[in-house]
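Below is one structure; the comments refer to it alone.
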Amino acid sequence: MYLTRLIYFSRAKTGVDQDIEQILESARKYNGKHNITGALWFDGDYFVQALEGGRHAVSETYHRIAADPRHADIELVSCDNVDSRLFHKWRMAYFADTQENRELITKYSAHDKLMPERMSARSLLHVLAEGQLLGH
Ligand SMILES: Cc1cc2nc3c(=O)[nH]c(=O)nc-3n(C[C@H](O)[C@H](O)[C@H](O)COP(=O)(O)O)c2cc1C
């Protein structure tokens with residue numbers, strides 16, 4: 001089973017802030033069972049997520065997440081076979097809109113606000129890999 005990393009971004013629907021804990025809880029439960037690891041960035045407006053695992057499990061999980069009505073305008077950024085995981089310690093690491101994380105955006109973007117549609121796949125991956133965790 002090939003190890004695969006998929007990255008997408010989407011726009012959060014209004015009120016999703018209230019659901020984050022529940023999203024993370026169900027994500028971590030499911031991901032743990034299916035050997036999926038990854039990271040989720042949420043700035044109150046956009047989600048950016050990386051999913052790592054077997055190609056079949058990543059594909060199934062992505063399609064299930066994409067059908068979730070709590071976000072919209074989902075855009076696939078990249079989906080690659082990889083030699084190793086970047087988020088191997090996290091069933092789903094979580095990065096929120098902290099001062100430190102906002103500063104990190106300016107390192108990898110021409111803007112000081114997260115605008116994933118204007119960032120390369122590599123920049124988005126760097127942001128996820130270097131973000132300051134709020135939990136895992
Ligand atoms: C932004 C976002 C990220 C999510 N990430 C995951 C995830 O990594 N793994 C997962 O199993 N579910 C994730 N979910 C939740 C799924 O969309 C879905 O609600 C959950 O798996 C339960 O599926 P079910 O209602 O078909 O049982 C995420 C949802 C959202 C909105």
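Whatever order the structure lists them in is the order used to number ligands and atoms, beginning at 1. Sequence positions, counted from 1, serve as the residue numbers for this chain.
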Exercise for review: Using side-chain contact (heavy atoms from CB on, under 4.5 Å) as the criterion, list what pairs up with Lys107, not counting sequence neighbours.
Suggested key: Leu104, Glu130
Review point. If you draw a 6.0 Å radius around CG in Asp112, do more than 12 non-hydrogen atoms from other residues or ligands fall strictly inside?
Key: no
Check your understanding: Just wondering, do Arg28 and Tyr94 contact through their side chains at under 4.5 Å, heavy atoms?
Key -> yes
Check your understanding: Rounded to the nearest 0.5 Å, what separation is found between the CZ atom of Arg91 and the NZ atom of Lys29?
Key -> 11.5 Å
Exercise for review: Taking the six-membered ring of Phe47 (Phe, Tyr or Trp), confirm whether the NZ or CZ of Arg70 is under 6.0 Å from its centre and within 45° of its axis.
Suggested key: no
Check your understanding: What distance separates Arg64 CZ from Glu60 CD, expressed to the nearest 0.5 Å?
Key -> 4.5 Å
Point to revise | Under 4.0 Å from ligand 1 - residues by heavy atom, chain and number | key: Tyr8, Ile23, Ser26, Ala27, Tyr30, Asn31, Phe47, Gln49, Leu51, Thr61, Arg64, Ile65, Asp68, Arg70, His71, Met92
